[in-house]
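In what follows, every chain begins at residue 1, and chains take the letters A, B, ... in the order their sequences are listed.
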Amino acid sequence: SQKIEQNSEALNIQEGKTATLTCNYTNYSPAYLQWYRQDPGRGPVFLLLIRENEKEKRKERLKVTFDTTLKQSLFHITASQPADSATYLCALESSASKIIFGSGTRLSIRP
Amino acid sequence: NAGVTQTPKFRVLKTGQSMTLLCAQDMNHEYMYWYRQDPGMGLRLIHYSVGEGTTAKGEVPDGYNVSRLKKQNFLLGLESAAPSQTSVYFCASSDSTGTISGYTFGSGTRLTVV
């Protein structure tokens with residue numbers, strides 16, 4: 001069956017360190033993968049998209065990798081700050097015009 | 001620029017009652033979506049629309065109906081609410097590929113069915 005999995009356990013990181021979140025999927029061949037941030041009581045906010053032919057994408061302190069062989073994407077936040085604390089969702093193309101979301105990983109950055 | 005606006009923000013329904021959730025976007029997006037979000041389940045697609053006058057079923061469509069009479073609006077209806085429909089509902093919109101700026105989400109509607 002098709003699955004998209006994120007670490008369901010919360011990730012606690014010391015401020016200034018690099019946070020790394022994982023997204024694994026099975027039985028999909030997505031043309032692209034997206035990452036979103038969601039704060040409590042708010043809707044998800046789009047952060048980055050990476051295509052299947054891209055190994056890595058960067059935006060300010062964010063870096064995303066996409067390994068279609070391992071069927072995995074890694075999301076990194078460098079020099080993490082308490083303001084980065086949120087739930088991060090990965091999403092991948094499941095078919096034309098639709099994406100499917102993982103259940104998210106809660107990230108906490110402690111001062 | 002409001003983006004995606006959902007109304008209402010909160011609602012409590014009794015079992016068997018009906019209601020309509022309204023989603024409006026001002027970005028001229030072709031595609032619109034309704035998701036529900038439950039603890040531990042992630043976002044699940046209920047229905048979606050790829051253009052004015054068109055709708056299609058998503059992953060969990062049972063118990064819901066939708067309409068897209070105008071490009072900017074996407075309505076989600078519950079004809080006879082059930083406690084299993086207690087959830088947070090999110091509307092989203094995107095350009096025709098969803099790859100330029102991802103999906104833009106509204107702030108959600110928290111629905112409780114008692």
Side-chain angles (χ1 to χ4, degrees), chain A residues 1-10 21-25 27-28 30-54 57 59 62 64 66 73 75 86-106, chain B residues 2-7 9-10 21 23-25 27 29-51 54-61 68 74 87-110:
Chain A
S1 62
Q2 294 177 316
K3 281 186 183 178
I4 177 169
E5 294 180 327
Q6 295 183 254
N7 191 341
S8 59
E9 293 183 8
L21 285 66
T22 304
C23 177
N24 296 298
Y25 60 93
N27 295 322
Y28 285 108
Y32 60 84
L33 190 145
Q34 302 177 354
W35 283 89
Y36 291 76
R37 169 183 172 142
Q38 186 173 24
D39 292 288
R42 308 292 294 271
V45 175
F46 173 74
L47 296 174
L48 279 169
L49 178 147
I50 185 166
R51 299 183 189 278
E52 61 180 339
N53 61 348
E54 298 174 313
K57 200 84 168 275
K59 179 182 176 182
L62 308 180
V64 173
F66 191 11
S73 175
F75 176 81
T87 296
Y88 291 86
L89 309 172
C90 71
L92 54 81
E93 179 203 35
S94 64
S95 66
S97 75
K98 289 191 291 183
I99 62 174
I100 185 167
F101 286 82
S103 56
T105 298
R106 186 180 304 172
Chain B
V4 176
T5 303
Q6 290 183 235
T7 53
K9 295 190 184 302
F10 302 93
L21 282 66
C23 177
Q25 54 98 0
M27 297 166 287
H29 282 165
E30 287 293 332
Y31 291 8
M32 296 187 75
Y33 311 83
W34 276 106
Y35 287 88
R36 61 177 289 174
Q37 188 173 40
D38 303 290
M41 300 290 288
L43 286 157
R44 292 183 291 169
L45 183 64
I46 304 171
H47 286 281
Y48 65 102
S49 168
V50 299
T54 72
T55 62
K57 294 180 180 180
E59 182 186 355
V60 288
R68 183 112 181 259
F74 195 28
S87 187
V88 181
Y89 291 86
F90 287 102
C91 176
S93 70
S94 73
D95 61 79
S96 58
T97 65
T99 59
I100 296 175
S101 54
Y103 285 24
T104 301
F105 282 84
S107 58
T109 296
R110 185 174 294 275

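In this structure, the portions of A:I99 lying under 4.5 Å from any heavy atom of chain B include both its backbone and its side chain. Neither the backbone nor the side chain of B:Q6 comes within less than 4.5 Å of any heavy atom of chain A. Residue contact with chain A, scored on non-hydrogen atoms closer than 4.5 Å, involves the side chain of B:L45 exclusively. Looking at B:Y103, the atoms closer than 4.5 Å to chain A (heavy atoms on both sides) sit in the backbone and in the side chain alike.
Residues passing the ring-ring contact (aromatic ring centres under 6.0 Å, His included) test with A:F66, sequence neighbours excluded: none. Scanning for ring-ring contact (aromatic ring centres under 6.0 Å, His included) contacts around A:F46 gives A:Y36, with sequence neighbours left out.
Between chain B and the residues A:Q38, A:K98, A:Q6, the most heavy-atom pairs under 4.5 angstrom are made by A:K98. Note on B:P39, B:G106, B:S107, B:S101: by heavy-atom pairs under 4.5 Å with chain A, the leading option is B:S101.
In this structure, B:R44 places its CZ atom where more than 12 heavy-atom neighbours from other residues, nucleotides or ligands lie under 6.0 Å away.
Annotation for B:M41 and A:S103: closest pair C-CB, 4.4 Å, computed over non-hydrogen atoms.
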